[in-house]
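Every heavy atom of this structure was used, including side-chain atoms; hydrogens, water molecules and symmetry mates were not. Nothing fancy with the numbering, it's 1 onward along the sequence.
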Amino acid sequence: QTSMRFILSGINVACSIPKFQAHLDGVSIGSGSGTAKVYQTSVQDTLQITGDGRLARKATNLQCGADVKTTIKLKLSALSSLVNLILKWAEGQIDSKIDSVICDEFNTLINTNLTNVLLALDTAMTPYIPPQCCTPNPPPPVPAGMINWRDSKIIDGVDYVLDYLLSPSGPLSINKLVDRLTDNSGVISVPSGFSSLINATMGALIRIDIENVTIGGLDTFKDLNLFGTTTLNPYVLNTSLEAESLNVTMGLTLQVMLGQGDTVS
């Protein structure tokens with residue numbers, strides 16, 4: 001079995017809210033625009049890969065930690081200062097809710113989706129792996145808790161095959177696969193169903209509903225390297241993707257309830 005830990009840090013995303021409608025007690029009080037930012041965000045996760053024989057067959061998520069920092073600012077002719085004050089006060093609670101959602105998604109992605117991928121690779125590659133005829137030489141010592149990935153023939157073979165097949169110019173080009181799956185649009189829309197109610201300051205309540213997330217430009221990849229290693233640091237697997245254009249659109253409803261019956265959305 002093998003344990004792996006990866007860290008994503010320095011994540012920054014800026015989004016614009018071109019227009020929203022504001023209502024107070026069910027009556028429209030105008031429209032406005034705004035911005036939403038994710039900054040200095042990090043996600044770290046530890047997972048374990050296990051299997052029988054020489055191929056991995058199961059992935060288990062051991063530990064997940066997310067530290068999301070967000071800020072939302074709205075421009076509205078009426079009540080703009082009050083709404084932004086409430087949002088500012090609630091930023092920590094909003095971030096905590098998003099942290100929890102991210103780690104819940106990681107559990108599903110690793111325990112279910114990644115395990116299914118490993119099982120599919122095991123089924124596809126087992127017939128091509130020759131039987132082990134003799135006891136191999138003992139591997140050279142490596143730092144405690146680390147694995148020298150350059151000594152793994154399986155990782156090397158999987159990396160070569162996948163990079164060749166899925167590269168933008170390869171026979172199974174990742175861009176062509178995305179176009180086939182998205183009807184040549186390069187766009188994936190995922191329903192969210194995320195909803196959260198947060199107690200804010202001055203007796204206000206904040207409700208956030210994310211209806212869907214749309215990612216575009218998924219057919220513009222220029223480079224792909226799934227399991228790269230280096231001679232300087234062979235104990236780390238590097239995954240790199242380069243795309244010409246990626247954009248994210250989110251269907252979001254934000255409600256700031258100012259006391260009993262008063263709602264800005």
### Query
Counting N and O atoms only, with roles assigned by atom type, does the side chain of N212 sit under 3.5 Å from a partner on the main chain of S189, one being a donor and the other an acceptor?
no

### Message
Could you report the tightest heavy-atom contact between T70 and V68, atom names first, then the distance?
### Response
CG2-CG1, 3.6 Å

### Query
What do you reckon, is CD of Q44 surrounded by more than 12 foreign heavy atoms closer than 6.0 Å?
yes

### Task
Please name the pair of heavy atoms, one in C103 and one in G65, separated by the smallest distance, quoted to 0.1 Å.
SG-N, 3.8 Å

## Note on the structure
The reported gap from CG in N175 to OG in S169 (rounded to nearest 0.5 angstrom) is 10.0 Å

### Query
How far apart are the closest heavy atoms of S185 and D179, and which atoms are they?
N-OD1, 4.2 Å

### Task
Please round to the nearest 0.5 Å and tell me the distance separating atom CG of L218 and atom CG of L177.
12.0 Å

#### Entry: Contacts of L62 that satisfy side chain to side chain contact (heavy atoms under 4.5 Å, CB included) - sequence neighbours left out
S3, T46, Q48, T60

### Message
Could you tell me if T249 and T214 have a donor-acceptor pair between their side chains, going purely by distance under 3.5 Å?
### Response
no

## Note on the structure
On a heavy-atom basis, the closest approach of C64 and D45 is CB-OD2, 3.1 Å

### Query
So D95 and K97, salt bridge (charged side-chain N to carboxylate O under 4.0 Å, His left out) or not? Walk me through it.
CA-CA 5 Å; D95 296 349; K97 293 285 186 179; over 6 Å; no

### Query
Considering residues at least two apart in sequence or located in another chain, which fulfil the side chain to side chain contact (heavy atoms under 4.5 Å, CB included) criterion with K176?
S173

#### Entry: Residue pair I49 / A59: nearest heavy atoms and the distance that separates them
CD1-CB, 3.8 Å

### Message
Test of understanding: clusters of I, L, V, M, F, W, Y form through side-chain heavy atoms closer than 4.5 Å, transitively. Do I174 and L181 belong to the same one?
### Response
no

## Note on the structure
Output for pair (S100 OG, E105 CD), nearest 0.5 Å, gives 10.5 Å

### Query
Does I215 share a hydrophobic cluster with L166, counting links as ILVMFWY side-chain heavy atoms below 4.5 Å and allowing steps through other members?
yes

### Message
Whether the side chain of S33 engages the backbone of P18 through a donor-acceptor N/O pair (distance < 3.5 Å, no angle test) should be reported.
### Response
no

### N107 CG to N113 CG distance, which is reported to the nearest 0.5 Å
11.5 Å

### Query
Near K58 NZ, under 6.0 Å, is it more than 12 heavy atoms from other residues, nucleotides or ligands?
no

### Donor-acceptor contact below 3.5 Å, side chain T182 vs main chain I188
no

### Message
Test your reading of the model: is there a side-chain donor-acceptor pair from S96 to the backbone of G92, 3.5 Å cut-off?
### Response
no

### Message
So, taking the atom named CG in L109 and the one named CG in L47, what distance separates them when rounded to the nearest 0.5 Å?
### Response
11.5 Å

## Note on the structure
Heavy-atom nearest pair, I110 first then N61, reads CD1-OD1, 3.3 Å

### Summary
For residues 211-224, the salt bridge (Lys or Arg N to Asp or Glu O under 4.0 Å) pairs (sequence neighbours left out) are K222-E242

### Message
Quick one, N111 with F106, criterion side-chain contact (heavy atoms from CB on, under 4.5 Å). Give me CA distance, side-chain angles, the key distance, then yes/no.
### Response
CA-CA 8 Å; N111 295 342; F106 266 85; over 6 Å; no

### Spacing of OH belonging to Y39 relative to CG belonging to N12, to within rounding of 0.5 Å
10.0 Å

